[in-house]
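Since we're looking at a predicted model, the values are computed, not measured. Whatever order the structure lists ligands and atoms in, that order sets their numbers, starting from 1.
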Amino acid sequence: MEIIALEKYNIFVGNANEALTNIDTTPYSQIILLCDENTERHCLPLLTSFLAKKATTIIIVSAGEQHKNLLTCEKIWQQLLDYQVDRKALLINVGGGVIGDMGGFCASTFKRGFDFIQVPTTLLSLVDASVGGKLGIDFNGFKNTIGVFQDPKAVIIDVRFLKTLPYKELRSGYAEVIKHTLIADKKDWQRHSQIKDIHLLDWKTIVYNSLVVKKNIVEQDPFEKNIRKALNFGHTVGHAVESYFLDTATPLLHGEAIAIGMIVETFFSYQKGFLTLSEKKQIVDYLLKIYGKISFKSDIFDVLIKNMQQDKKNEHKEINFTALEKIGTFKINQTVSEKEIVEGLIFYQSL
Ligand SMILES: NC(=O)c1ccc[n+]([C@@H]2O[C@H](COP(=O)([O-])OP(=O)(O)OC[C@H]3O[C@@H](n4cnc5c(N)ncnc54)[C@H](O)[C@@H]3O)[C@@H](O)[C@H]2O)c1
């Protein structure tokens, strides 16, 4: 078992069953495990000896972003009440970013908070959502609007969970891997940009490298006052697009929306004179190769801009984004006008 140590908790990389079994649970009054219907089916079988050894109450919720909301939290809180959970309990979140964000939020707010552990099972949550202490839910169609910062007691990384993850989900998480290389690791970006089929990747190494990028950034700035904003590259436009499509018959996965966001924000970075034409082309071509293009009409631009105006990163009502300065470095606190946003969206449409 490898350990990546953060100031307040450890990330254990290896066999999740073993890691959970080794956790000293004697201080805890009871153990609750939160999962969704898919992770119950696909991921709990990898934790059988832990579940056999430690008495664990399991709460199962419906899967998917559309359930990352207050209604599901109420159901979770109600079950915590029914099971007489107190502040000495431990919640183990086994699932993707939805379970991690929502389970962590429920644990951090129930009776003013009790401990939780993240066991991410999607690529997105393995490399991104499980680390950094951002927890929360969507509200009235706006992404992650209600939430808190709270660190888990531990994060357990086991890439064997990826074996059952559908390709679309794998590709969604891969967007955050690409983002990490673009903001922090030019060499890794060059390696990735040669990849034709993401099935062939060595996930153990990729997840490890990507996690280290995230860990290094969040440790320097846990509350997103400055450098952590780097992780928002692609997310100003991406979240707006994700929120818009959430309400349609064809919702996009988080990473699919972020891929669009990274293309548009690469364009902004080029327009601002940071990226060269060839860097812009390299990035856009690769993202299009992996994610294809999503069509949308210009009449949704207003909604997208409205969504961007709700973005938590904005200050003084200006729309804020993180630019790429070059491949491998970034520039936070960049602003874009509505006119520039429209140009970016038209650029995407023109591809
Ligand atoms: N907290 C953060 O810092 C942070 C960072 C990035 C994203 N997020 C959030 O993460 C969420 C997206 O996370 P996600 O992409 O993991 O989505 P998700 O949790 O909805 O999981 C995707 C789907 O895969 C299923 N699944 C999970 N693991 C599986 C496995 N091993 N095998 C088979 N099926 C499996 C789930 O049931 C679900 O249907 C968004 O809500 C986003 O806002 C949070």
Notebook entry, point to check: Has ligand 1 got any nitrogen or oxygen that is less than 3.5 angstrom from a nitrogen or oxygen of G95?
Noted result: no

Checklist line | Selection from V218, L135, T122 by shortest heavy-atom distance to atom 27 (C) of ligand 1 | finding: T122

Check: Could an N or O of ligand 1 be found under 3.5 Å from any N or O of T121, whether backbone or side chain?
Finding: yes

Check: Where the closest heavy atom to atom 40 (C) of ligand 1 is concerned, which of E65, K163, H254 has it?
Finding: E65

Next item on the list: Look only at the side chain of K68 and the backbone of D138, and say whether a donor-acceptor pair between them is shorter than 3.5 Å.
Entry: no

Next item on the list: Could you tell me whether P120 approaches ligand 1 through its side chain, its backbone, both or neither, with non-hydrogen atoms closer than 4.0 Å?
Entry: neither

Notebook entry, point to check: With distance as the sole criterion, is a donor-acceptor pair present between the side chains of Q310 and H239 under 3.5 Å?
Noted result: no

Notebook entry, point to check: If only atom types and distance count, is the side chain of K293 paired as donor or acceptor with the main-chain N or O of Q349 below 3.5 Å?
Noted result: yes

Note to self: Evaluate K143 for polar contact with ligand 1, using N/O atom pairs at a separation under 3.5 Å.
What the structure shows: yes

Note to self: Determine whether a donor-acceptor pair (N or O, by modelled atom type, separation under 3.5 Å) exists between the side chain of Q30 and the backbone of Q84.
What the structure shows: yes

Next item on the list: Check whether any side-chain N or O of N232 sits under 3.5 Å from a backbone N or O of T322 as a donor-acceptor pair, and report yes or no.
Entry: no

Next item on the list: Output yes when the distance from some N or O of ligand 1 to some N or O of N144 is under 3.5 Å, and no in every other case.
Entry: yes

Next item on the list: Measure from the side-chain N and O atoms of T236 to the backbone N and O of N320, and report whether any donor-acceptor pair falls under 3.5 Å.
Entry: yes

Checklist line | Atom pair OG (S172) and CG (L252), whose distance is rounded to the nearest 0.5 Å | finding: 9.5 Å

Check: Between H239 and ligand 1, is there a nitrogen or oxygen pair with a distance under 3.5 Å?
Finding: no

Check: Does a side-chain N-to-carboxylate-O contact under 4.0 Å join R41 and E37?
Finding: no

Check: If you count the atoms of ligand 1 from 1 in the order shown, which ones are under 4.0 Å from a heavy atom of K214?
Finding: 3 (O)

Check: Is there a nitrogen or oxygen of E176 sitting under 3.5 Å from a nitrogen or oxygen of ligand 1?
Finding: no

Margin query: Just to be sure I read this right, does ligand 1 sit under 4.0 Å from the backbone of E169, its side chain, both, or neither, counting only heavy atoms?
Written below: side chain

Check: Is there a donor-acceptor pair under 3.5 Å between the side chain of T39 and the backbone N or O of V94?
Finding: yes

Next item on the list: Indicate yes or no: does an N/O atom of D36 lie under 3.5 Å from an N/O atom of ligand 1?
Entry: yes

Next item on the list: Indicate, as side chain, backbone, both or neither, the part of E37 found under 4.0 angstrom from ligand 1 when only non-hydrogen atoms are considered.
Entry: neither

Next item on the list: Ignoring angles and geometry beyond distance, decide whether G97 reaches within less than 3.5 Å of ligand 1 through its nitrogen or oxygen atoms.
Entry: yes

